Amino acid sequence: MTVAQTKLSFFDISIIVVSLVIGMGIFGTPAKVAASAGSSEIFFAAWFAGGIVALCGALTYAEIGLRLPVMGGYYKVFAECYHPAVGFTVNILILISNAASLGVVALIGADYVSDLLFGAPSGILFNVSLSIISVIIFYAVNFYGLKTSSRTQNVLMIIKIAAVIILAASVLKGVMITPHGYDTNALVYNFKDNNWLKLFLISMIPVCFSYGGYQQTINFGSEVKETKSLAKGIVAGLILVMLLYLAINYAYTKVIGFDEMKNASAVGALLCEVWFGKTGGKIFDLLMFLSVLGYVNIVLMSNPRVMYAMSEDGVLPKIFAYKHPKTLALLPGLTAIAVITIIITFIGKGIDNILGFTMFLDSIGMSFSAAALFILRKRKQNEAAVTSNIKNYMPLFTGFFVFAYFMIAIAVVISNWKAAATGLILLLIALGIYFLFYHKKKHV
């Protein structure tokens, strides 16, 4: 395989963005957002505003990618603009939580397969076995290099994008469907008794996290055919996500009904029933499993690149910088993520409750990584690479994005201070590990 064959195109990058952002949440989260919003006006305002915030973020990370086109860019932006300790502290926790989340998602995917094949849960043995098989398959895919894993991801995501479009088009059928079940433990707000601004901010928390993930695209900064393809792909992918989100949310409110969808379970499956009747649930199970496979692959693609960059800086063992001589696969990092994921499948989905702190860490990470653009600009790093017509307006967009995610972090603290405190404690522990094992070694 030649070097040229390992490079990613504009299309590949756009698909990676969609892969990192659109998970399974869009098929269930809107029901919870509707319950929080109280009115359809606030509901759509939150999704639209979340899209605008994300678009400002996409423009920001697009320029960061131009100024810092390296492998493992999400680590490098912290390490080079702040301090290697910051890069290590933030990214080591992200790596661990991503591997844990991958294990949980793989188990959820096995649940969908159980329902698809047997119409009922099949037990721990089946779920764990299928989860491990899924990880092993995509471990093998990534073993053959970036182009193989990218092409696989393209196929999976084209199917998923088509599925979202088909579900959104259910509004054209002109029928309504009644939800079958509800989450009775979730709070449904009475719009008349609450301040609209409060409801809007509450709704923005899950919406902003539904739009998140695209920042990890800069991990592929050194692997694009043209540097500008990275920037254009990030923005184009995010615009596509925003359009898909608005379309399917419109379908939810029209086909299910805004009040009826509040806290309803599996609203995506209901749109499937509009097209396919009683078999709609089975088709939805298949779509969800394909969605899980896409998530497994993209995590195995992205995370080893962060580990490679950390290894280059000496904050992880040198072995993680090793590349397979023929496929250029990052085998040590790929193996580590796969092994941790498999271990998590034996622990079970209960670990998902422990990962609540990731919402706080993601908010802090997004704010600081985006703010690094101001530092890169001050240094005039790769100034010649930035030729966009909106270059002069970027400080405004970036400032708005940083402020928005800083407010989201505050909202997370208010809504779940224990999770935020856990995240802060873990940050301090990771920082202590850095100074214990790396900082002293650097200054010997």
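For clarity, every value in this text was computed on a predicted model and none was experimentally measured. Just the heavy atoms: all of them, side chains too, but no hydrogens, waters or symmetry mates, feed the values below.
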Legend entry - Donor-acceptor contact below 3.5 Å, side chain Thr29 vs main chain Gly25: yes

Inset, instruction - Classify the ring geometry between Tyr61 and Tyr214 as parallel (under 30°), tilted (30 to 60°) or perpendicular (over 60°). - result: perpendicular

Inset, instruction - Mark yes or no for whether Lys7, through its side chain, and Ser222, through its backbone, hold a donor-acceptor pair below 3.5 Å. - result: yes

Inset, instruction - Say whether Ser291 and Lys160, considering side chains only, have a donor N or O and an acceptor N or O under 3.5 Å apart. - result: yes

Legend entry - Flag, side chain of Lys326 to backbone of Tyr144, donor-acceptor distance under 3.5 Å: no

Legend entry - Side-chain heavy atoms of Leu330 within contact of Phe320, under 4.5 Å: no

Inset, instruction - Determine whether Tyr295 and Met24 make a side-chain contact, defined as any pair of heavy atoms from C-beta on separated by less than 4.5 Å. - result: no

Inset, instruction - Answer yes or no for Lys323 and Tyr308: cation-pi contact, defined as NZ/CZ to six-membered ring centre under 6.0 Å and angle to ring axis within 45°. - result: yes

Inset, instruction - Look at the side chain of Gln153 and the backbone N and O of Gly294, then say whether any donor-acceptor pair between them is shorter than 3.5 Å. - result: yes

Inset, instruction - Give a yes or no on whether Tyr250 atom OH has more than 12 heavy-atom contacts from other residues, nucleotides or ligands under 6.0 Å away. - result: no

Legend entry - Heavy atoms of other groups near Leu117 CG, more than 12 under 6.0 Å: yes

Inset, instruction - Ignoring hydrogens and angles, state whether a donor on the side chain of Ser311 or Tyr322 is under 3.5 Å from an acceptor on the partner side chain. - result: no

Inset, instruction - Say whether, by atom type as modelled, one donor and one acceptor occur between the side chain of Tyr245 and the main chain of Ser210 under 3.5 angstrom. - result: yes

Inset, instruction - Find out whether Leu55 and Val235 are in side-chain contact, i.e. whether some heavy atom of one side chain is under 4.5 Å from a heavy atom of the other. - result: yes

Legend entry - Heavy-atom donor-acceptor pair, Ser131 side chain to Ala106 backbone, under 3.5 Å: yes

Legend entry - Which residues share a salt bridge (Lys or Arg N to Asp or Glu O under 4.0 Å) with Asp12, sequence neighbours left out: Lys147

Legend entry - Leu8 and Ser150: CA distance, side-chain angles, deciding distance, side-chain contact (heavy atoms from CB on, under 4.5 Å) verdict: CA-CA 8 Å; Leu8 299 170; Ser150 177; 3.5 Å; yes

Inset, instruction - Assert yes or no for the condition that the ring centre distance of Tyr405 to Phe401 is strictly below 6.0 Å. - result: yes

Legend entry - Qualifying residue for side-chain contact (heavy atoms from CB on, under 4.5 Å) with Met261, from Val255, Leu270, Ile256: Ile256

Inset, instruction - Assess whether atom NZ of Lys232 is packed by more than 12 heavy atoms of other residues, nucleotides or ligands within 6.0 Å. - result: no

Inset, instruction - Answer yes or no: does atom CZ of Phe406 have more than 12 heavy-atom neighbours from other residues, nucleotides or ligands under 6.0 Å? - result: no

Inset, instruction - Let me see the working for Val207 and Val33 under side-chain contact (heavy atoms from CB on, under 4.5 Å), right down to the final yes or no. - result: CA-CA 7 Å; Val207 167; Val33 176; 3.9 Å; yes

Inset, instruction - Hey, can you tell me if Phe43 and Trp47 have their rings parallel, tilted or perpendicular (30° and 60° cut-offs)? - result: perpendicular

Legend entry - Ile124 atom CD1, neighbour heavy-atom count above 12 within 6.0 Å: no

Inset, instruction - Output yes when a side-chain donor or acceptor of Ser302 lies under 3.5 Å from a complementary backbone atom of Val299, and no otherwise. - result: no

Inset, instruction - Determine yes or no for a side-chain-to-main-chain donor-acceptor pair under 3.5 angstrom, with Tyr82 supplying the side chain and Phe368 the backbone. - result: yes

Inset, instruction - Tell me, yes or no, whether the heavy-atom count around Trp417 atom CH2, taken from other residues, nucleotides or ligands under 6.0 Å, exceeds 12. - result: no

Inset, instruction - Determine, step by step, whether Phe126 and Val113 satisfy the side-chain contact (heavy atoms from CB on, under 4.5 Å) criterion, reporting the C-alpha distance in whole Å, the side-chain angles of both residues, the deciding distance to 0.1 Å, and the verdict. - result: CA-CA 10 Å; Phe126 177 87; Val113 175; 3.9 Å; yes

